[in-house]
Chemist: 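This is the structure I have questions about; it appears just below.
One-based numbering, in listed order, for ligands and for the atoms of each.
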Amino acid sequence: MVGYVGPPVRLAQLVIEPPHSLYVQSYRPREMTSGVVNADGWGAALWLDDAKAEPALYRSPQPIWADSNLGWIGDRLPLTAALAAVRSATPGIAYELSCVQPFARGRVAFLHNGFVTGWQRGPARMLREGLGDAAYQAVQGGSDSEGLFALLLDALDRGAASLPDAVRAALRRLERICARTETTAVATVLVCDGSVLVGARHAVGLLPASLYAAATLPAARELAWCFASEPLWPDGRFREVVDAGGPIGPPCGGASRRGAAGGGHLVRGARGMETGVWRAELDEARAFLLRAAACLPAARWAERPSAAYSPVGWHLGHVAATQARWLLPGDPLGERFGGFFDPAQTSKTERSDLPAPVQLLEYLGETLETVRRRLWDCAVPAVPGLPHDFLVHSIAQHELQHAEHVQVIAALCERRLQRAAPAAAPAAGRVEFAGGDATIGCDDVAEAYDNERPAQAVRVAPFWMDSAPVTAGQFAEFVQAGGYRSERWWTPEGWRWRAANEVGAPLGWPDVQPGQAVSCISWYEADAYARWRGARLPTEAEWETARRAGLPGCGQVWEWTASWFLPYPGFRPYPYDRYSTPWFGTHRVLRGGSWATHSRLGRPSFRNWYVPGFREIPAGLRCAGDL
Ligand code: AVJ
Ligand code: FE
């Protein structure tokens, strides 16, 4: 079998043209341990280079060498992802079209190389009986491979967080079924949804079927990701997917004993699988950053529209330098520009003397490329006490956070930040919450920042919140009513801040749309507005409780809360001491996210923080009150 994601290729480049192509493997396989040829059909799931998420499925019960359709299928279709396989039927399992792989449902396609021993005698029944309706109905034939596919679908239907998680869950279930029915299985699988390709080399009580992976192909000029049962090219670019060992992947007890996996279900294959997913994660963050940078012509990347910010170009360099520093420790890439992109070494006023835009883009590109190769070699550093993949997740999130700054600075350069939120429906009414015992924070140790942990129980009294952020039209009433001239609405610090900065309206006022969320206000202004309305700002605990209960209208502007930025009880700083700690007690918390925030940072527990006088941000508020 072969799996591919990457720049457009033709199927022939994967299946016919390589020296040890799938076509050759169908009649002269090298590493097949059961059977001699793969003559019982062939098939392919093809993600064509059109905007569709679902693959086109082609399956034939003929041997690949006898299929005259291969000519046009191989040559005429540009693909950005594919799964393809030649089949050798297991004795006792049907020889017919419904058993030919890949199997697909929606955007997900699946290949299995292996078998479940005694499939009809026990495992088949147990497996099918445990399936949910949707997965059960997706099964058309009677093969063991399709049974495994149904386990994968069931894991997805039951809400697996990602494709690799679903693969893990399906293989874990296969292990349980094998244990209960006293059978063994070979389950090397490939799963793809057109953008993520997951490979797992797995077996229960037997040796797993071979699997190789490559990060470059002669057929594709750019980086691509490819799995194959046997190396398609003999030049060493394909590496065997092996026991992960070391800090990456689950602990391995050996590949050949039943149950050896213990807690680590993927006995083999963790390496190729995990690194492929991480690569996609870093690529996605990079695409988001570059789209953000494209909001401002590169000639303006050194502009600094406000003393509160660094130029766009500095943020781009900082992202690359941070990625190099954490994921490539000791690599000269981290030192290319000395300490210029380290906020601790270069103050905001000195950040405008920047490398040229092409140099910044090269720096970003080279760093990511080097990280991709290191991921491949499993040489990514770990933080003691955290999952081995924590740093990859946090570096991707760091890039997304700076991508928000880049969009905000671009908007400030063009004096449109105050108008940047999407026009929202008018904020009608309020939502009531019963309160009670709630949990806030996040214990996802691979994903959460230090300040979100540990998750904790809180008690919240009954409260209400506006059903949408306050609009500019609503805020205008406060401005017109003289809210900025009347001390009674302001805290003493707020009143001093207002006078010292001669503030009489939000930043950018009155160039705003009445229907949009009010934006570019400080905590002091948000707090004064809420008092004028006879209300108050919500606490963090209230905001998060409301969000978990389905608070509408999030993601337009960050929402100021009444809470100071403080550590949760049991807080432990990581990955470095000064990520959150320096800001505790002097900054206020904002929740929710803005139009410029990537959805991944929109999790209910995510905390943002700024000093109360900061207003060059897409931040507004909603009012709250006791019930
Ligand atoms: C969470 C927005 C306050 O962007 O300055 C980025 C996060 N820390 N790089 C910021 C952060 C280091 C921080 N804020
Ligand atoms: Fe940073």
Chemist: Would you confirm whether Arg536, through its side chain, and Arg531, through its main-chain N or O, come within 3.5 Å as a donor-acceptor pair?
Modeler: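 Flag not set: sc Arg536 to bb Arg531 has no pair under 3.5 Å.
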Chemist: Are the side chain of Arg286 and the backbone N or O of Leu364 linked by a donor-acceptor pair below 3.5 Å?
Modeler: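 A pair under 3.5 Å: yes.
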Chemist: For Thr545 and Glu542, does a side-chain donor sit closer than 3.5 Å to a side-chain acceptor?
Modeler: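 No, no side-chain donor-acceptor contact under 3.5 Å.
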Chemist: Of Phe571, Phe584, Trp560, which meets ring-ring contact (aromatic ring centres under 6.0 Å, His included) against Phe565?
Modeler: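 Going through the options one by one, the only one that passes is Phe584.
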Chemist: Which pairs of donor and acceptor atoms, one on a side chain in residues 452-459, lie under 3.5 Å apart (sequence neighbours left out)?
Modeler:
residue	atom	partner	partner atom	Å
Glu452	OE1	Arg603	NE	2.8
Glu452	OE1	Ser605	OG	2.8
Glu452	OE2	Tyr449	N	2.8
Glu452	OE2	Arg603	NH2	2.9
Arg453	NH1	Tyr574	OH	3.4
Arg459	NH1	Asp437	OD1	2.9
Arg459	NH1	Asp437	OD2	3.4

Chemist: What's within reach of the Fe ion (ligand 2), meaning protein N/O/S atoms under 2.8 Å?
Modeler: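 Correct list: His318 NE2, His398 NE2, His402 NE2.
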Chemist: Would you please say whether a donor-acceptor pair under 3.5 Å links the side chains of His393 and His398?
Modeler: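 Judged by distance alone, the side chains do not pair up.
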Chemist: Under 3.5 Å, is there a donor-acceptor pair between the Trp595 and Glu404 side chains?
Modeler: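 No - no donor-acceptor pair under 3.5 Å links their side chains.
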Chemist: Once you round to the nearest 0.5 Å, how far does OG of Ser310 lie from NE2 of His315?
Modeler: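 Rounded to the nearest 0.5 Å, the OG-NE2 separation comes out at 4.5 Å.
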Chemist: If you count only heavy atoms, which residues are under 4.0 Å from ligand 1?
Modeler: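 Contacting ligand 1 under 4.0 Å are His398, Gln401, His402, His405, Tyr579, Asn608, Trp609, Tyr610.
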Chemist: Quick one: side chain to side chain contact (heavy atoms under 4.5 Å, CB included) partners of Ala166, sequence neighbours excluded?
Modeler: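 Expected list: Leu152, Ala155, Leu156, Ala160.
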